[in-house]
Amino acid sequence: MRPILMKGHERPLTFLKYSREGDLLFSCAKDHTPTVWFADDGERLGTYRGHNGAVWCCDVSRDSTRLVTGSADQSVKLWDVQTGTQLYTFNFNSPARSVDFSVGDKLVVITTDPFMGNPSTIQVKRIARDPADQTSDSVLTIKGPQGRINRAVWGPLNKTIISAGEDSIIRIWDAETGNLLKETDKESGHQKTISSLCMSADKSHFLTGSADKSAKLWDSRSLTLLKTYQMDRPVNAVAISPLLDHVVIGGGQEAVNVTMTDRRAGKFEAKFYHKILQDEIGGVKGHFGPINALAFNPDGRSFSSGGEDGYVRLHHFDPEYFSIRM
Amino acid sequence: MAAAALSMPEIENKAMNLGIDLSTIDFDNIVLPPGDDFGINSDDEDILHEEEAPEFETGYGNVIVVDNLPVVSPEKFAKLEGVIRKIYSQTGVIKEGGLWMPVNPDTNMTLGYCFIEFNTAQEAKEAKEKTDGYKLDKSHIFVVDMFDDIDRYMNVPDEWTPAEIKPYEAGDHLQHWLTDEKARDQFVIRAGTVTEIFWNDARQVRPDPVYQRQYWTDSFVQWSPLGTYLATVHRQGAAVWGGKSTFNRIHRFPHNQVKHIDFSPGERFLVTYSSQEPSNPRDTHRVVLNIFDLGTGKLMRDFRGSVDDFTTGGSGGLSGISWPIFKWGGGKEDKYFARIGKNAIYVYETETFILVDKKSYKVDNVVDFSWSPTDSILALFVPELGGGNQPARVSLVQMPGKVELRQKNLFSVSDCKMYWQSNGEYLAVKVDRYTKTKKSTYTGFELFRIKERDIPIEVLELDNKNDKIIAFAWEPKGHRFAVIHGDGPRPDVSFYSMKTGGITARVSKLTTLKAKQANALYWSPAGRFIVLAGLKGFNGQLEFYNVDDLETMATGEHFMCTDIEWDPTGRYVATAVTSVHEMENGFHIWSFNGKLLYRIPKDHFFQFQWRPRPPSLLSPEKEEEISRNLRKYSKKYEAEDQDVSLALSEQDRKKRRSLQEEWETWTARWKQYHEEERELRLQLRDGEASDDEGSQEQYEAKEVEAEEVLDVHEEIVD
């Protein structure tokens, strides 16, 4: 498996997202320009210029026409995927951390960081069919719990919003009323900051990664803990294979702790685990820095990882990968 | 209010009266104001009181009574007071109004004693030590006592009552861990605030927990040399634990601020050490050493003094102490202990706890000594003196007679190190000598055969004399030793044997392994096998080597490994990364032949220690017989091994199957939900038909050419 190294960002990667067809790969980084690549050969297609701060997250609509990006410049922007023009800017008074389109792409859930005395919020915006009709009104605002919310995504049928963040608790909110429906308890939940959250393709379960060196798999309706994957390093990024019963978990020592000369010390490896048996399958090395973002191609035949080192590495699996027996 | 005394119905009544619905109260969220518990004892408070019975201080610890003063009239009162003040302000600060000399109201004469209150109890103690017996003049010799002592002795009843003889209580079975059916070994680990003890269950390829406790020790834990006790160290002193099923406290050894502890090899005594920051920065640290009897918990002897008295090294003097200060000699009977001082070695015997022959053993300029592990023989090293006029010397001295058994003079020596073989059969002295130019040093070995007549000495030099010695280790109970030597980044490892060449045994080299990534040697306690380890700079390279067959059995790596320890039987090796750095903390367990059995990551991993075993009770002949008929004995165990491994794989299969089944029930439910919600989902997508799940969507790849006019520019070309 020879990776394709995609160098287009000048700063650490923050997020990766494939389009539904799996032909495009969108990447966000701490430099200000999200980039779109051909997911097959890693050729750079174009960039989305306009943000004035680190871009933390993005999502692409089902028909691959709209891109939404959340940035530390306190704005969320809506883009035309094909032309790269800005369609609309939602302004906030604190950095936007995560964005996620609902099923049907009519709504988007946005989280903002606690900043200058403002608490963190989860906000739902309606996306107009015609950008000319777009307004900045929030359909729903949830004044968040303590600490930063690192990720908020839609639950099944857009009925719930699932959020996770610095307080290490996963919460399920009612997407209509904003009421808190469920939250994880101390025993089963994470012990430290949750850095990432990834939904399965059918939204039935999701995977969270945390600085407590573990990743956990949850039922997205009942919030039951299904599996725990124990790592030996803090987890920054997680992804669920849509094809096989595999999950991929990435991370590494925090940049501040990486003082050793040997790159093995940092454990900047993407680790594959068997989703059901919780056993380690293997690892993919290569990054020279912690892995910040992971994404599976929707066909499950390739995946890409984005690192603190500024590279996106695109991996097409060898045929042997599909015949691994545990 | 004593809430604990109320019964449940009473509480309910009370709550009713106050209009509180008890069922709605979350008791965990009630926070009492700090420092006030409303008389409610928390669950662990009883234990707390029981554990830490506080020492009662009367508050007079800083007061001394000086007796035998002259009896003076009021005219001379001020003068006497001045004299006393002058004497005692040398030793400490007398509190304001802290000097009180009582006067007989009838005669107006002083009573011949006075009370002095110092700022601290420590100063008072020092004053007592220094001035007790102070001669003011011929007829007035001070008798100084602590006020508390007088108080205490006053309370001694005048009539003697016979001590109550307690009925005999059977003690706990302290050796119980040796009776393990599977003959496993135990180890203790410390990670974070938790201390845990495990069985090393190599068959099940995992550790089996025995006991765990949070905040068990304040700094470290230590097994006694035969494994009977586990010692913990606290602010108030040390404690030893042991027992059959759980670890019960067997004795406490009070010693404030104890820093180091050391067991005697035969587990008869425990030495504790503390050093105290002086109140006056010009003074040196005060050192207190206590020797306790492990069996009874009684204090046998204490040593006090300034840190200078206990630093080793003769004329040069080293800063700080090297632990242990007392080295134990005389084999497992713990007959003697000794420490080095200036120009002398102080050898004490444990019958009476006084110096052997009531005086120290004078050796001018002695800088280092060590005991034979089995006999009461001391090896001493005296460096060169007078610019080479008097040669350096290594001598062997028999105790208690102080008879010099053997002596060897050495010339142009820069340093010496002594290594005893574990049976006390051989002593290797590593000698660093100056070259002729005195610019560099080279190393040789002097090998003493202690058990042979006249103790013959052999000189061994390495093939390349200029090689630096990186490590040296005797084979336990054996006749071989290993040396890592070399200058470069990949040194060589050589093995030597003391038993070659027929009747008159000679030392000779067995083999040299070239260019190894190793800087530490770990022999198996049973001999024969050795781990060549590359710690620190070599990132934890391990090589498992068989010295009988002179072949490498396996190589491995425990990345960033800091500590290596063989289990007491020589069956397993533990490699650990302790909290020297933050990453990779945890330990690995290997078989003796280098197969990685299991690994346990633990954050903030501080300590790994195997529980030692007492020496085997089998006679050498019996052991010989067993090893000859090994096949017969091993059959039984091999069958057991196979059973276990079959059971394990069966267990594994079962577990996998159940996991798979469990998962399938989950996914079945999800699929059902998913089907049910299909309509709703379609609605959300405005009736868009394709639902990705399930059916593999077919799509057509179409090449679309898009043209975009970026700029139109007209230019006239002529």
Side-chain angles (χ1 to χ4, degrees), chain A residues 20-23 61-63 82-84 102-107 129 154 156-159 191 200-205 212-213 217 219-222 224 226-227 230-234 242-243 245 252-254 256-262 264-267 274-279 298-299 326, chain B residues 28 537-540 557 559-560 577 581-586 599-603 652-653 655-688 690-694 696-697 699-702 704 706 708:
Chain A
R20 188 177 62 100
E21 284 88 359
D23 57 341
S61 67
R62 186 178 152 86
D63 56 7
Q82 198 173 352
T83 61
S102 69
V103 176
D105 300 328
K106 291 193 199 71
L107 298 168
R129 188 166 287 261
W154 293 97
L157 291 180
N158 300 348
K159 280 183 180 156
Q191 308 300 319
S200 70
D202 61 359
K203 296 213 176 214
S204 59
H205 55 291
D212 66 4
K213 303 186 180 179
L217 196 71
D219 184 308
S220 36
R221 288 181 181 83
S222 62
T224 316
L226 302 175
K227 304 282 171 192
Q230 207 57 49
M231 304 279 289
D232 49 5
R233 73 206 70 171
L243 187 65
D245 283 325
Q253 295 299 330
E254 284 169 51
V256 287
N257 286 337
V258 181
T259 51
M260 310 301 288
T261 48
D262 198 303
R264 281 176 303 175
K267 300 194 183 276
H274 195 280
K275 185 156 79 176
I276 301 166
L277 303 176
Q278 289 152 279
D279 291 333
D299 68 5
M326 290 299 285
Chain B
D28 291 336
F538 291 131
N539 276 338
E557 187 196 39
F559 184 53
M560 292 173 47
V577 179
H581 22 243
E582 225 169 82
M583 280 170 275
E584 307 275 340
N585 281 196
R599 39 177 138 194
I600 307 287
K602 284 257 178 203
D603 268 351
D652 206 36
R653 261 201 302 282
K655 198 181 125 210
R656 276 160 182 252
R657 209 177 309 130
S658 75
L659 280 174
Q660 198 79 40
E661 275 163 14
E662 191 190 350
W663 183 259
E664 264 148 31
T665 53
W666 278 109
T667 39
R669 217 162 73 221
W670 289 336
K671 279 205 180 108
Q672 194 193 333
Y673 280 129
H674 211 65
E675 278 311 303
E676 284 167 13
E677 290 165 356
R678 188 186 178 88
E679 278 307 308
L680 290 163
R681 217 166 23 243
L682 282 180
Q683 254 173 37
L684 282 172
R685 290 198 178 124
D686 302 328
E688 201 183 318
S690 70
D691 219 337
D692 336 86
E693 76 275 350
Q696 278 287 326
E697 197 198 340
Y699 64 91
E700 243 177 276
K702 227 180 3 177
V704 181
E708 203 174 333

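Below, chain A is the first sequence line, B the second, and so on; all start at residue 1.
Taken to the nearest 0.5 Å, the CG atom of B:L680 stands 6.0 Å off from the NZ atom of A:K159. Atoms CH2 and NZ, on B:W663 and A:K275 in that order, are 4.5 Å from each other to the nearest 0.5 Å. Summarising the geometry, atom NZ belonging to A:K213 is positioned 3.5 Å from atom CG belonging to B:D603; distances are rounded to the nearest 0.5 Å. Atom CZ in B:R685 sits 11.0 Å away from atom CG in A:D63 (nearest 0.5 Å). Atoms CZ and CG, from B:R681 and A:N158 in turn, are 10.5 Å apart once rounded to the nearest 0.5 Å.
Within 6.0 Å of CD in B:Q660 there are more than 12 heavy atoms belonging to other residues, nucleotides or ligands.
Contact detail for A:P156 and B:E677: the closest heavy-atom pair is CB-OE1, 4.4 Å. Minimum heavy-atom separation, B:L684 to A:K106: O-NZ, 2.6 Å.
Every residue meeting the side-chain contact (heavy atoms from CB on, under 4.5 Å) condition with A:D299, not counting sequence neighbours, appears here in chain and number order: A:N297, A:R301. Remark: A:D279 pairs with A:L277, A:M326, B:R656 by the side-chain contact (heavy atoms from CB on, under 4.5 Å) rule, at least two apart or across chains.
Between A:H205 and B:W670, the angle of the ring planes stays under 30°, which puts this pair in the parallel group of the 30/60° scheme.
B:N585 does not touch chain A: none of its heavy atoms, backbone or side chain, sits under 4.5 Å away. Neither the backbone nor the side chain of A:L107 comes within contact range of chain B; no heavy atoms are under 4.5 Å apart. Of the atoms belonging to A:K203, not a single heavy atom falls under 4.5 Å from chain B. Contacts between A:T224 and chain B at a heavy-atom distance below 4.5 Å involve the side chain alone, from C-beta outward.
Side-chain atoms of B:E708 and A:T83, non-hydrogen and from C-beta on, never get closer than 4.5 Å to each other.
In terms of non-hydrogen atom pairs under 4.5 Å with chain B, the most contact-rich of A:L226, A:D245, A:D23, A:D105 is A:L226.
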